[in-house]
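To find a chain, count down the sequence lines: A is the first, B the second, and so on, and within it residues start at 1.
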Amino acid sequence: MKRLLGVLLLLVAGQLQAVDFDYRLSARPIAKNVYAFIGKTEDFTTDNGGNIVNTAFIVAPQGVIVIDSGPSLRYGQQMRRAIAAVTAKPIALVINTHHHPDHFLGNQAFADLPIAALAETRDGIAADGNAFAENLYRMSGDWMKGTEVQLPGRTLSAGIVEVAGRRLRLVALDGHTGADLVVVDAASGVVFAGDLAFNGRAPTTPHADVGHWLKALDQLEALTRETGFKVLLPGHGVPSADAGPIRQTRAWLTWLSAAMRSAAKDGLDMNDVLARPLPAEFARLPVAASEYRRSVGHLFPAAELQALGAKP
Amino acid sequence: MKYPLTIAAIALAALMPPAEAAALRESGDPLDSARWSDMQKAFLAGAPVLFDPRVKVIAPSTAENPMQVPVTVDATALPGVAEVVVFADFNPIVQVLRFFPEDAPAFLGFRVKLQQSTPVRAAVRTADGVWHVGGTWVNTVGGGCTAPSAAGGSKEWQQRLNEVSGRQWSDGPNAGRLRMRIVHPMDTGLVAGTPAFFLEEINFADAAGKRLMRVQTYEPVSENPVFTLQRVSADGPVEATGRDNNGNAFTARIDQ
Ligand SMILES: [Zn+2]
């Protein structure tokens, strides 16, 4: 018994050693004075601790502008240290692009600073934030320790704002969620697309309105055609010098919504839809199978309603 | 064979493809659930039981939305099906529904609320009195039965209660299929302050008045239930009638 206990303790110790809760964030320059922390194109796991998202910061003349704060308190704290390793300038503002937990649960680490979001994003965080956090605890485990919802205290609206000596263009779109903020930094040519664009990873749809999202993608693509455009930073996946991630996201959403409509029209049941193979074009996209499964749950009921002639 | 079968079961096995026959067993729950003996006592007491691969219960192994877990029961490979009872071992309300296929094949699709990871099973009684049991584990993060219905917050459903929409398919790969949705909150009574309020019975009959299927539904069936049936052929309209536990009745015609 004693020996068995010893073995168990060793196993536990081994596990503790493997997880040091260090996201190993390193700021990657994506344009002049603009840096990003690029997450993995995976699902939330206890291995990645939720580091599946892109966050970023702009080193502006009088301070730093942070765009999204990551999935946990630890992430926010480590991000703050990683920013300090790049610049001594103080952080002037933290922006949340939308109300998904991997984009705002690091806010707590910036609680002493102004945090801003669109009004609807703020309302969404207030309404769903705790449920999101609970869900991430389940999926990412102890990486989430101590994480609580920190609401943005400031409300943003579309238009030009000046922050820390930098002119930013805020474009308020929707479709991935009810409010998706795109930040255009003219000085560097970076378009921060949030989760309207995914690159090399299947898009997530828990709060999606696909019709609105497709319209937003057209507007986003127009931004990449403006003179001065240099880099598109998607919410997930590597940055891009062209509209590639927008086209990928559009292709997935177009296929997905057409697939839901035709399945419902053909009389398929939800289990029939879940059993359908992914087209070759998407089968090898990271997390395509799991995002497809989730999206069937999110999107098929509405398609079904329409096919059965029900009032929405 | 690991589990010896009775003479009757051996005779049955002789009629089946070898792979299926090998999976037949009379004891030893294939889903290895701690609650199996309770389930057996509650639903199948005293009757012979056979774990039978011909009873197919299709559901996702992980339910992304515990309020709307799709379940398809297909017992069409079994002859002489009289009754099918569907239950989930670890649900706070175990019994999901019962259906009696009369002039329709023993096939039914629906959605359920699951509170936690659980086997979802169908026990199928054939004319000889034997219960044939099939099932599958569904893993879920929970919240299905004690979470309020979406309708609970709004008043709209009150005007639309028992509103039916549906369609039949007469050709294509799903010829003979009927799908129907009913507006109903299907409240379980497990949410404080909200009494149980759910559909209890739905009958499907063909144009000649011949009953295709009778379905008894219970609290765990999802809000705004959607049912999928398979007719031998989609021959004319189907009349669906039913009522909930408060006596609200409905009658609807489902066309092609
Ligand atoms: Zn998102």
Side-chain angles (χ1 to χ4, degrees), chain A residues 43-46 101 127-128 130-141 144 202 204-208 256 260-276 287-312, chain B residues 56-74 107-112 136 140-143 147 150 156-157 159-160 163-183 222-224 226-230 234 252 254-256:
Chain A
D43 275 324
F44 294 98
T45 66
T46 49
D128 300 334
N130 285 322
F132 288 159
E134 224 176 273
N135 201 31
L136 283 208
Y137 269 95
R138 265 195 299 266
M139 293 191 288
S140 308
M144 296 292 297
T204 65
T205 59
H207 304 93
L256 185 64
M260 294 304 105
R261 269 197 309 273
S262 74
K265 219 173 121 236
D266 290 346
L268 268 62
D269 183 82
M270 200 186 270
N271 278 317
D272 301 328
V273 187
L274 288 168
R276 283 195 149 181
V287 300
S290 53
E291 291 305 345
Y292 173 71
R293 273 200 308 276
R294 289 184 197 118
S295 291
V296 169
H298 304 144
L299 305 176
F300 184 66
E304 185 177 62
L305 215 66
Q306 206 176 17
L308 296 181
K311 282 185 263 166
Chain B
K56 293 185 175 58
V57 177
I58 302 158
S61 58
T62 300
E64 304 291 352
N65 178 1
M67 303 288 286
Q68 295 274 348
V69 182
V71 176
T72 306
V73 175
D74 182 352
F107 177 101
L108 189 66
F110 48 93
R111 291 175 205 153
V112 300
T136 185
T140 156
V141 293
E156 206 211 340
W157 66 265
Q159 279 95 51
R160 298 181 55 185
E163 185 180 290
V164 173
S165 50
R167 245 196 86 180
Q168 291 191 70
W169 282 262
S170 52
D171 47 33
N174 292 306
R177 188 162 274 203
L178 178 151
R179 306 199 71 219
M180 183 182 84
R181 175 182 187 267
I182 313 166
V183 175
S222 298
E223 180 179 8
N224 300 332
V226 180
F227 297 99
T228 304
L229 280 75
Q230 194 69 44
I254 299 163
D255 290 305
Q256 283 165 32

Looking at [X] and [Y], what are the two nearest heavy atoms and their distance?
| X | Y | result |
| --- | --- | --- |
| B:Arg179 | A:Met270 | NH2-N, 4.4 Å |
| B:Arg177 | A:Leu268 | NH1-CA, 3.7 Å |
| B:Trp169 | A:Asp266 | NE1-C, 3.4 Å |
| B:Arg167 | A:Ala307 | CD-O, 3.4 Å |

Structural part of A:Ala131 lying under 4.5 Å from a heavy atom of chain B: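 Looking at A:Ala131, nothing touches chain B.
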Residue among A:Asn271, A:Leu274, A:Asp272 satisfying side-chain contact (heavy atoms from CB on, under 4.5 Å) with B:Ile58: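 That would be A:Asn271; it is the only one of A:Asn271, A:Leu274, A:Asp272 passing the side-chain contact (heavy atoms from CB on, under 4.5 Å) with B:Ile58.
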Residue B:Glu163 excluded, over 12 heavy atoms near CD under 6.0 Å: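 Check passes, neighbour count above 12.
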Greater than 12 external heavy atoms within 6.0 Å of A:Lys265's NZ: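 Count not over threshold, so no.
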Choice from B:Leu178, B:Val226, B:Ile254, B:Thr62 maximising heavy atom contacts with chain A below 4.5 Å: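 Of the candidates given, the most pairs with chain A belong to B:Val226.
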Distance in Å, [X] [atom1] paired with [Y] [atom2], rounded so as to fall on 0.5 Å steps:
| X | Y | atom1 | atom2 | result |
| --- | --- | --- | --- | --- |
| A:Asp269 | B:Phe227 | CG | CZ | 11.5 Å |
| A:His298 | B:Gln68 | NE2 | CD | 12.0 Å |
| A:Glu304 | B:Ser165 | CD | OG | 9.0 Å |

Check: B:Met180 and A:Leu308 side chains under 4.5 Å, non-hydrogen atoms: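 No. Closest side-chain heavy atoms not under 4.5 Å.
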